[in-house]
Amino acid sequence: MADPNGYHDDIGDTFVDGFDGDGFPGDRPSRMASVEPAPQPAGGGIAARAMAARQSKAPDYLEGLNPEQRQAVETLNGPVLVLAGAGTGKTRVLTTRIAHILATGSAGPAEILAVTFTNKAAREMKERIARFIGGNVEGMAWLGTFHSICVKILRRHAELVGLKSGFSILDTDDQLRLLKQIIQAEGLDDKRWTPKAFAAMLDGWKNRALTPNEVPEGEARAFANGWGRKLYEEYQDRLSILNACDFGDLLLHVITLFKTNPDILADYQRRFRYMLVDEYQDTNIAQYLWLRLLAQGNPNVCCVGDDDQSIYGWRGAEVDNILRFEHDFRGAVVIRLERNYRSTSHILAAASHLISHNQGRLGKTLFTDFDDPENELVSVASCWDSEEEARSIGDEIEALQANGHALNDIAILVRASFQMRSFEDRFVTLGLNYRVIGGPRFYERMEIRDAMAYFRCVVQPADDLAFERIVNTPKRGLGEATLKLVHELARADRIPLMQAANQLCQTEEIRPKARNALKEVLANFERWRGQVDSLSHTELAEIILDESGYTEMWRLDRSAEAPGRLDNLKELIRSMEDFESMAGFLEHVSLVMDRDSVEGNDAVSIMTLHSAKGLEFDTVFLPGWEEGLFPHQRALDESGRAGLEEERRLAYVGVTRAKKRAKIWFASNRRIHGQWQSSIPSRFLDELPEEHVEIVEQSSNYGGYGGGGYGRSGGGGSRFDNRDPFQNTYSTPGWQRAQKARAAQDAVFERGDFRSSRSKKQGPLTIEGELVAKSVSEAPSEYSMGERVFHIKFGYGAIIAIEGNKLTIDFEKAGQKKVLDSFVERH
DNA sequence: GGGGTTAAGATTTTT
DNA sequence: TCTTAACCCC
């Protein structure tokens, strides 16, 4: 299977099968001395404790594992792929495997490379291993995220990739500002060619580990009429002057380092005797190459993942990595974990049936023995609009609460964050405790970034972006004109801004007022730098914020947010206490943008489906299952069938978060960008298995599958009390039409012949666009052209087009809209 | 340099 | 519809 990028083959295909019996790297080359911390030979530390524990009693950590899990834990040598379905004990396998490696003395803690995607996952794994081992895990130096491990490696060999060890890591904000400068410096219009668009393109390249000269000509040309490659080069050049790198570079530089310094690579290959990768389905090409370079010396790679839960394709994740594991790692053992310990059989059946509509899966069949006495069917309910959705779900939650269910066991999972708002509004009115997970993060707040910029300037004098950020914050009369002079000198001499500013201050080039202000700032930084060693970093931080006038600035600010910002600054200083030095803190912040979410009170969780991966709740509400929202129109437009399949995996992730109750909702109308849109039930609803789903018809339902017709008055009472399980919903005309439409559509899919069925009238631009259009029935409508109708939200209008049961209506007030015929009445 | 006005864009998100 | 960022004028 030829890969368009050819990436699977560009470092050769030779792999040693079986175990590479290299002993402890006792006599390492001298260079290795710099790659501390040194592994602890079995005999001290964790391994010793683990072994001692093992001798005193049987390895009880293996107890209670099912046969597959046990195989995944015990197959230590050679490549292993663990396909771990949702809720099958993936984390348990990973941690037990590490415990097993240690307990059998197969390797010391510092000889295990264990990679995760998120800090949270790394943290959890550390905690769980600690519990096994009965101590802390200080020796597990190489358990962390891809990025943090790369930083660790890069800090030791920075000079080999053109950096200095103290390099800083840019966040997205810095990156965009820098890109903007570069685009403007080339004389390009940054409106036409936005920094954001270029950042996205860069990201794509770096995710595939492409350096500027490796970017395919066509892609390089795509940006700004052929400036793409030049801009990429320019950007990398600027980064190295700034002694900085972006997130993508962390991986990329390590790959370059390994490729150009075989001796260093060999050292790491020897060091990492066992490698484990979590969430393998989320790896991008750069991560794959990185892993593969290391695995060339040593085939003991264990990757754990679930192709059905790959939901980060838009961020560069390559499902192909997991699909091709057996090919890429010769002699791989593939173990499937299919016994689910989380959900009821109905939930599992619904999720499995849904995901079976995807092609290109490795295929797993989840099963469970778990019999919940109540074993509720997955429910599907409809409502008029997002407000009613929020109201009904709020009512259901209150009912659950009244029955003794904890709010902590309940979650609402949405496709897009704008959906959260109606729930928040409603829950505030109800006085129902909730917490939003994800969302704007602490370290992204303006005042925190400003404060951090001050610290960065002290610790990393070449950090231009930080300097620029705060040079005139608070206002010091250092305007555009002054900065321009500094910039020009810095550019011309290829020196950092602060150095350029220093030089300029010795001359007469800047007007005295600005010069004095600039001198003062520079003197401040000089002084603070001198205090780094004499004061504790928290003290210094307070002094910096104080003497710079930054705290003062907010104290004088009379706006409503100012007090909160001051609190945040205090919180920032407090969180610095956990770190040894300011540099350590800065690195932590750039790599760990999340703060531990405070669990605290009993509250309903509201979050996106993406951030729900890996979590579980007794009851899960899944609102907004409508075409265009879920699957999201943009996913369909931009990524076609692959996009649809990823959306379906997202649906699968959503449903499998539920332990006991999964409740799906869709609204007939939704306000998107302030505009009311009528919506059509998601195709995913049709992909749920009839026998495991119940359709809940609400008393005030206007939507549904056309079965209940529509009512009047969107008014207020509880929908929960009068709900009335709709008998035999699957035989309603609406459902049958939907099924029929689906069958027709699947046939089209199967033939791969999309064009022939494209509707004549307003041919959708994409294959999937057509599928969306076709998710409505083909059955002839009872309405005719020109008829005057009434729609509860849009008012009166005339029918100007009919496609099946989908009408295009020219409303007197709302303009042209497409609606299902069941939502209007003759008038 | 600040404030008011206008225009554009509005999935998903970690590191 | 709403938010944010850019722009223009004082």
Side-chain angles (χ1 to χ4, degrees), chain A residues 115-122 144-151 154 169-177 180 190-192 194-197 199-200 203 206-207 245-252 278-279 282-284 286-287 310-317 386 413-422 437-441 443-444 446 472-482 514 557 559 587-594 607-614 624 628-639 643 646-647 649-651 653-654 670-677:
Chain A
V115 205
T116 62
F117 269 83
T118 63
N119 292 292
K120 195 174 156 216
T145 63
F146 274 104
H147 296 271
S148 64
I149 288 169
C150 285
V151 170
L154 271 187
I169 302 160
L170 301 191
D171 59 29
T172 342
D173 196 68
D174 296 324
Q175 192 189 23
L176 287 175
R177 281 188 293 140
K180 188 173 176 183
D190 66 322
K191 293 281 160 53
R192 174 78 182 80
T194 62
K196 228 176 129 192
D203 227 41
K206 291 192 174 179
N207 284 337
C245 55
D246 60 27
F247 284 119
D249 283 339
L250 295 175
L251 262 299
L252 206 41
D278 191 15
E279 306 279 16
D282 287 337
T283 48
N284 61 31
Q287 286 154 342
S310 163
I311 54 175
Y312 285 106
W314 49 275
R315 217 167 62 187
S386 51
L413 310 182
V414 297
R415 174 67 243 266
S417 38
F418 75 83
Q419 293 173 262
M420 292 178 181
R421 199 177 148 177
S422 53
I437 300 193
R441 277 166 292 169
Y443 292 114
E444 281 168 10
M446 185 201 343
N472 202 31
T473 309
K475 301 274 176 276
R476 305 188 171 94
L478 294 168
E480 218 177 298
T482 316
D557 191 300
S559 66
E587 178 156 313
H588 166 82
V589 172
S590 52
L591 289 174
V592 184
M593 292 295 281
D594 67 327
M607 68 188 98
T608 63
L609 287 160
H610 282 93
S611 39
K613 194 170 77 166
L629 176 60
F630 193 33
H632 201 283
Q633 190 59 50
R634 226 160 126 174
L636 303 178
D637 289 346
E638 285 170 12
S639 314
E646 184 155 309
E647 294 287 298
R649 290 194 290 265
L650 204 45
V653 167
R670 195 169 287 276
R671 199 165 47 184
I672 292 174
H673 310 331
Q675 216 70 33
W676 280 101
Q677 311 247 234

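Each chain gets a letter, A, B and so on, in the order its sequence line appears, and its residues count up from 1.
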Round to a whole Å and report the spacing from CG of A/Asp203 to P of B/dT15. 14 Å
How many Å lie between CZ on A/Phe117 and C1' on B/dT15, as a whole number? 10 Å
For A/Gly477, answer base if it contacts any base atom (sugar-phosphate contacts may also be present), sugar-phosphate if it contacts only those atoms, and nothing otherwise; contact means non-hydrogen atoms under 4.0 Å. sugar-phosphate
Going 5' to 3' through nucleotides 2-10 of chain C and flagging B where a protein heavy-atom sits under 4.0 Å of the base, S where only the sugar-phosphate is that close, and - otherwise, we get ----SS---
Residues that A/His147 engages under side-chain hydrogen bond (donor to acceptor under 3.5 Å, both in side chains), provided they are two or more places apart: none
Using every non-hydrogen atom in the two residues, find where A/Ala635 and A/Glu647 come nearest and quote the distance to one decimal. CB-OE2, 3.4 Å
I'd like to check the side chain to side chain contact (heavy atoms under 4.5 Å, CB included) partners of A/Thr172; sequence neighbours left out, ordered by chain and number. A/Gln175
Whether A/Asp249 side chain and A/Leu252 backbone form a donor-acceptor pair below 3.5 Å: no
Out of B/dG1, B/dT15, B/dT14, which nucleotide sits closest to the side chain of A/Arg315? B/dT14
Compare the minimum distances between each of B/dT11, B/dT15, B/dT13 and the side chain of A/Ala416, then state the nucleotide with the smallest one. B/dT11
Report the nucleotide, chosen from B/dT12, B/dT13, B/dT15, that has the shortest atom-to-atom distance to any side-chain atom of A/Thr118. B/dT15
Can you see which heavy atom on A/Val151 is nearest to which on A/Ile169, and at what distance? CG2-CD1, 3.9 Å
Would you name the heavy atoms of A/Phe247 and A/Leu170 that are closest together and state the gap between them? CE1-O, 3.9 Å
Just call it for A/Glu647: base, sugar-phosphate, or nothing, with non-hydrogen atoms closer than 4.0 Å on any strand. base
For the aromatic rings, using the six-membered ring if either is Trp, is the centroid distance between A/Trp314 and A/His632 under 6.0 Å? no
Measure from CZ on A/Arg649 to P on B/dT11 and round the result to the nearest Å. 21 Å
Side-chain N or O of A/Ser590 closer than 4.0 Å to phosphate OP1/OP2 of B/dT15: no
Nearest-Å distance for atom pair NZ/C1', residues A/Lys196 and B/dT11: 11 Å
A/Asn119 side chain near B/dT14 phosphate (N/O to OP1/OP2, under 4.0 Å): no
Whole-Å distance separating the NZ atom of A/Lys120 from the P atom of B/dT13: 13 Å
Apply the syn/anti split at 90° from 0 to B/dT12 and say which one it is. anti
Between A/Arg192 (CZ) and B/dG9 (C1'), how many Å, whole number? 16 Å
Assign A/Asn472 to base, sugar-phosphate, or nothing according to its heavy-atom contacts below 4.0 angstrom with the strands shown. sugar-phosphate
Phosphate-side-chain proximity, A/Lys475 and B/dG2, N/O vs OP1/OP2 below 4.0 Å: yes
Length of the line joining A/His147:NE2 and B/dT13:C1', which is rounded to integer Å: 12 Å
According to a strict under-4.0 Å criterion, is A/Arg634 in side-chain N/O contact with OP1 or OP2 of B/dT11? yes
Tell me which of A/Arg476 and A/Glu646 sits closer to the 5' end of DNA chain B, going by the nucleotide each one is nearest to. A/Arg476
Can you tell me how far C1' in C/dC2 sits from the matching atom in B/dT13, rounded to whole Å? 22 Å
Side-chain donor or acceptor of A/Asp190 paired with backbone N/O of A/Pro195 under 3.5 Å: no
Can a salt bridge be assigned to the pair A/Arg634 and A/Asp637 using a cut-off of 4.0 Å between side-chain N and carboxylate O? no
When rounded to whole Å, the CG to P distance for the pair A/Asp174 and B/dT15 reads 17 Å
Between B/dT12, B/dT11, B/dT15, which nucleotide gets closest to the side-chain atoms of A/Phe247? B/dT15
Selected nucleotide, minimal atom distance to A/Ala635 side chain, candidates B/dT12, B/dT11, B/dT15: B/dT11
Take A/Thr172 and A/His673, find for each the nucleotide of DNA chain B with the closest heavy atom, and name the residue whose nucleotide sits nearer the 5' end. A/His673
Pairwise P distance, B/dT12 and C/dT3 [rounded to whole Å]: 15 Å
Stacked pair A/His632-B/dT11, distance under 5.5 Å, angle under 30°: yes
